[in-house]
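Sequence lines set the chain letters: A, B, ... in the order given, protein chains first and strands last, and positions in each chain run from 1.
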There are 2 protein chains.
Amino acid sequence: MQLYFIIFVAMSIIRRTKSVNDITQFFEESKYAVSVVNLVERFKEKMNKTTVYRILDKLENDGVIHSFIGRDSLKWYAKCQGCQSGHHTDTHPHFQCNSCGRVECLPVKLQLPEIQNLSIEYAEVNLVGKCTECSN
Amino acid sequence: MQLYFIIFVAMSIIRRTKSVNDITQFFEESKYAVSVVNLVERFKEKMNKTTVYRILDKLENDGVIHSFIGRDSLKWYAKCQGCQSGHHTDTHPHFQCNSCGRVECLPVKLQLPEIQNLSIEYAEVNLVGKCTECSN
DNA sequence: ATTAATTTGCAACCAAGTTGCATTAGTTGT
DNA sequence: ACAACTAATGCAACTTGGTTGCAAATTAAT
Ligand SMILES: [Mn+2]
Ligand SMILES: [Mn+2]
Ligand SMILES: [Zn+2]
Ligand SMILES: [Zn+2]
């Protein structure tokens, strides 16, 4: 409750452009990850694709959203939980349903394999399968 | 030893085209994974890029090589170990050194997270970090 | 009100990957 | 050995995700 208030105030004080606000708000409300093609399509009436790409870049740098590359070679974006500018602390696997195509962030702690002589900095884990709804 | 002999005989009997043989042999000898741009570049004197793409498709279907999408959005290929046409049993994580850029297959058994209500069919795990040589 | 700085749109471009089709090489049957 | 057929290859044109340079438009600073 208090957190939401703080976020609200911050969003008012840190004045953002209309475009940035539109995309930010979209991610606030979206439950799933969204591919970049989908985003460009979705906002094509409101803004140019170049603008979309630029804003996505910015939001990712600011720790508002994060991205990963899907098996379709597309860039997918989803909102971050508690990340800050420069450092993404919110690393987790992603799941894509190969039936309905939806992609979601999995709030699961990853345990990386320990490999001798390799220092692993980060991991990208993409799981593919069937989601709850598509299993029934 | 016997296995190698069998493979040798098989390669003689199952006649492949020159192009397929060239690419197959390249993978036999290569220790690391190779990006598709690299492959097209590497074979551009010998064959057209379309041919390279077609042969890669074929070899992947035949269970000779496997592919994954890197953080660079490129398709990377590496040789399979004991896979057969149609079914890839050789699933494992991949590691990319962000210093020298080399990508290798990790012969490690993956343990996938159990997620409620999700049936996971396969996982793509890409690890990024520093390799042995680049750590020194 | 002027000027300076940021943001946006647009068009042109780039690179990975695909497609259609003509040409060539390889197989098969006689 | 030759014709007839099949499969592999080359080439050009196209598609698509993504980038770049620059001019026009907004917004902020003085
Ligand atoms: Mn996520
Ligand atoms: Mn591999
Ligand atoms: Zn589904
Ligand atoms: Zn290295």
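- Of the residues near DNA chain C, Ser73(B) and Ile55(A), the one whose nearest nucleotide (by heavy atom distance) lies more toward the 5' end is Ile55(A).
- Atom NZ in Lys46(A) sits roughly 19 Å away from atom P in dT7(C) (whole-Å rounding).
- One can place CG of Asp22(A) at 15 Å from P of dT7(C), the figure rounded to the nearest angstrom.
- We find the CG-CD1 distance between Leu106(A) and Ile120(B) to be 7.0 Å, quoted to the nearest 0.5 Å.
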Which is it for Glu121(A) and Asn98(B) under the side chain to side chain donor-acceptor pair (under 3.5 Å) test, yes or no, and what are the steps along the way?
-> CA-CA 9 Å; Glu121(A) 286 168 28; Asn98(B) 54 21; 3.0 Å; yes
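- Val40(A) comes within contact range of no nucleotide atom at all, as no heavy-atom separation falls under 4.0 Å.
- Across dA8(D), dG17(D), dT8(C), the shortest atom-to-atom separation from the side chain of Thr17(B) is found for dA8(D).
- Rounded to whole Å, the distance from NZ on Lys75(A) to C1' on dA16(C) is 16 Å.
- In this structure Asp72(B) satisfies the salt bridge (Lys or Arg N to Asp or Glu O under 4.0 Å) test with no other residue, sequence neighbours excluded.
- Between the NZ atom in Lys130(A) and the OG atom in Ser99(A) there is a gap of 5.0 Å [rounded to 0.5 Å].
- From Lys75(B), atom NZ reaches atom CZ of Phe68(B) across 11.5 Å, with rounding to the nearest 0.5 Å.
- Between the NZ atom of Lys18(B) and the P atom of dA25(C) there is a distance of 14 Å, rounded to whole Å.
- As rounded to whole Å, 15 Å separates atom P of dG9(C) from atom OH of Tyr53(A).
- Of the residues Asn38(A), Val36(A), Val64(A), the one that meets the side chain to side chain contact (heavy atoms under 4.5 Å, CB included) test with Tyr77(A) is Val36(A).
- Nearest nucleotide to the side chain of Met47(B), out of dG18(D), dT9(D), dG10(D): dG10(D).
- Per the geometry, CG belonging to Asn38(A) stands 14 Å off C1' belonging to dG17(D), to the nearest Å.
- If you check every strand for non-hydrogen atoms under 4.0 Å, Val20(A) touches nothing.
- Atom CG of Asp57(B) is separated from atom C1' of dT9(D) by 15 Å (rounded to the nearest Å).
- Comparing Ile69(A) and Lys58(B) against DNA chain D, the residue whose closest nucleotide sits nearer the 5' end is Lys58(B).
- Among dT8(C), dG10(D), dT18(C), the nucleotide with an atom closest to any side-chain atom of Ser19(A) is dT8(C).
- Using a 4.0 Å cut-off between charged nitrogen and carboxylate oxygen, Glu104(A) and Lys31(A) do not count as a salt-bridge pair.
- Atom P of nucleotide dG18(D) and atom CG of Leu56(A) are separated by 10 Å, given to the nearest angstrom.
- If you check dG10(D), dT19(D), dC10(C) against the side chain of Lys49(A), the one that comes closest is dT19(D).
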Report, as a single string ordered 5' to 3', how protein heavy atoms within less than 4.0 Å touch nucleotides 21-26 of chain D: B base, S sugar-phosphate only, - not at all.
-> ------
